[in-house]
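Source: prediction; values computed, not measured.
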Amino acid sequence: MDWGKAKKIIIFLLIALNIALFAMNRYYNSDYRLTQAEENAIYKLLSQNGIGIYTELIEEYDPMKQLDVTVASPDIEELKSMFFDEDENVETEIEFDQLILRTYSAEVIAEDSKISFSCPTGYGEISGVGNDAAKKLAQSFMERMRESYSDYVLDRITYKNGGYQLEYYEYYKGYKVFCNYCIFFIDDYGIKSIESENYDINGFVEENRDICASSEAVLTYMYSSSGSDTARFIESIELGYDLRESEEIVDGSKIRLVPCYYIYLLNEDEPFVVYAYTNTARTTTAAVTAASTDSLDEQS
């Protein structure tokens, strides 16, 4: 008997059984809240599969509505006032759907709701050292970006590549809107780059729908990464709203954001995203299944 293959089959069956048990528990549990026994079972299952977790699970998973937003494209004069001084000579260029503004030292590219700013020599004067100085410079620039970004909150600061990455996100009714962000990279020379995306929020729409529990989202991550031989560590888990995969963005169009779990992993730049309505990963289920099958076949 091939014990290696048998072990993989047993692990797969255990994961499937636990997912079924969690689904049944949610069906019969009307308060949409994880029990201590469920949390303990998840921690044990993660440990058995070589996944560490440095955060607590989100205990409540009340039904959620979709969030209606509209593409917000800033005009040329608004962009100039945001990113350049009044006395600067700004060249304007339009390439396909992109609006490009340039000076001798900086460039802004705007497309739909996305804005990218780069200044290789560094923009602004940074006073002092460390993340407090970087935070002060970023905050002063956020104030310059006016009303569109007035509700953004500094979410995290990370030291990387000799500078600081500061991530601002908008929160609506207590929920983080993952696709409304403004990310700075600042080093000793000032602001080197800004990447932002901003949609006008119109409010919640349609009826409340059940979402999966954070424990189910974690199981989806565990199953999707079951072929990995490297150590994995879950750093944090967040619940908020984001665009659906392959969402078509058209200037002026209305878009429905859906609830998502963001699972942040230690030493990974990108989080693992799970759609909370369907408990499926951002990559399609078919692709995940195929990748997992290929990995198991290679190891057999």
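A heavy-atom distance below 4.5 Å is not found between the side chains of C212 and Y61. Between E195 and S116, some side-chain heavy-atom pair lies under the 4.5 Å cut-off. In this structure the side chain of S193 never reaches within 4.5 angstrom of the side chain of F184, judged on heavy atoms.
Side-chain contact check for Q165 and E167: at least one donor-acceptor pair (N or O, by modelled atom type) lies under 3.5 Å. E197 and Y199 share a donor-acceptor pair across their side chains, judged by distance under 3.5 Å alone. Under 3.5 Å, the side chains of S196 and Y149 contain a donor-acceptor pair of N or O atoms. Remark: the N89 side chain and the Y104 side chain contain no N/O donor-acceptor pair separated by less than 3.5 Å. Side-chain contact, N198 with S113: no donor N or O sits under 3.5 Å from an acceptor N or O.
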Legend entry - Test salt bridge (charged side-chain N to carboxylate O under 4.0 Å, His left out) applied to D210 and K65, step by step: CA-CA 9 Å; D210 283 352; K65 295 182 178 181; over 6 Å; no
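Ionic pairing of R33 and E60 is present here: one or more N-O contacts between side-chain nitrogen and carboxylate oxygen are shorter than 4.0 angstrom.
Linking Ile, Leu, Val, Met, Phe, Trp and Tyr whenever their side-chain heavy atoms come within less than 4.5 Å puts L257 and M64 in one cluster. The hydrophobic cluster containing F204 also contains I255, counting ILVMFWY residues as joined when their side-chain heavy atoms lie under 4.5 angstrom apart, directly or transitively.
When the side-chain contact (heavy atoms from CB on, under 4.5 Å) test is applied to K192, the partners found at least two apart in sequence or on another chain are F185, D187, Y189. With sequence neighbours excluded, the residues that form a side-chain contact (heavy atoms from CB on, under 4.5 Å) with D155 are Y169, Y171, K176, E238. In terms of the side-chain contact (heavy atoms from CB on, under 4.5 Å) criterion, E270 has no residue partners (sequence neighbours excluded). With sequence neighbours excluded, no residue satisfies ring pair (Phe, Tyr, Trp, His ring centres under 6.0 Å) with Y181. The ring pair (Phe, Tyr, Trp, His ring centres under 6.0 Å) test applied to F83 returns F117, F141, not counting sequence neighbours.
Listed by first and then second residue, the salt bridge (Lys or Arg N to Asp or Glu O under 4.0 Å) pairs involving residues 87-100 are E93-R102 (not counting sequence neighbours).
One finds the OG1 atom of T158 at 11.0 Å from the OH atom of Y164 (value rounded to the nearest 0.5 Å). The OG1 atom of T121 lies 11.5 Å from the CD1 atom of I191; values are rounded to the nearest 0.5 Å. Within the model, atoms CE of M222 and CD of Q48 stand 8.5 Å from one another, a figure rounded to the nearest 0.5 Å. The CD atom of E39 sits 16.0 Å away from the NZ atom of K44 when rounded to the nearest 0.5 Å.
Side-chain N or O atoms of E38 include one that pairs as donor or acceptor with a backbone N or O of T35 at under 3.5 Å.
Taking the six-membered ring for Trp, Y261 and Y275 have ring centres at least 6.0 Å apart.
A cation-pi contact, defined as under 6.0 Å to the ring centre and within 45° of the axis, is absent between R256 and Y241.
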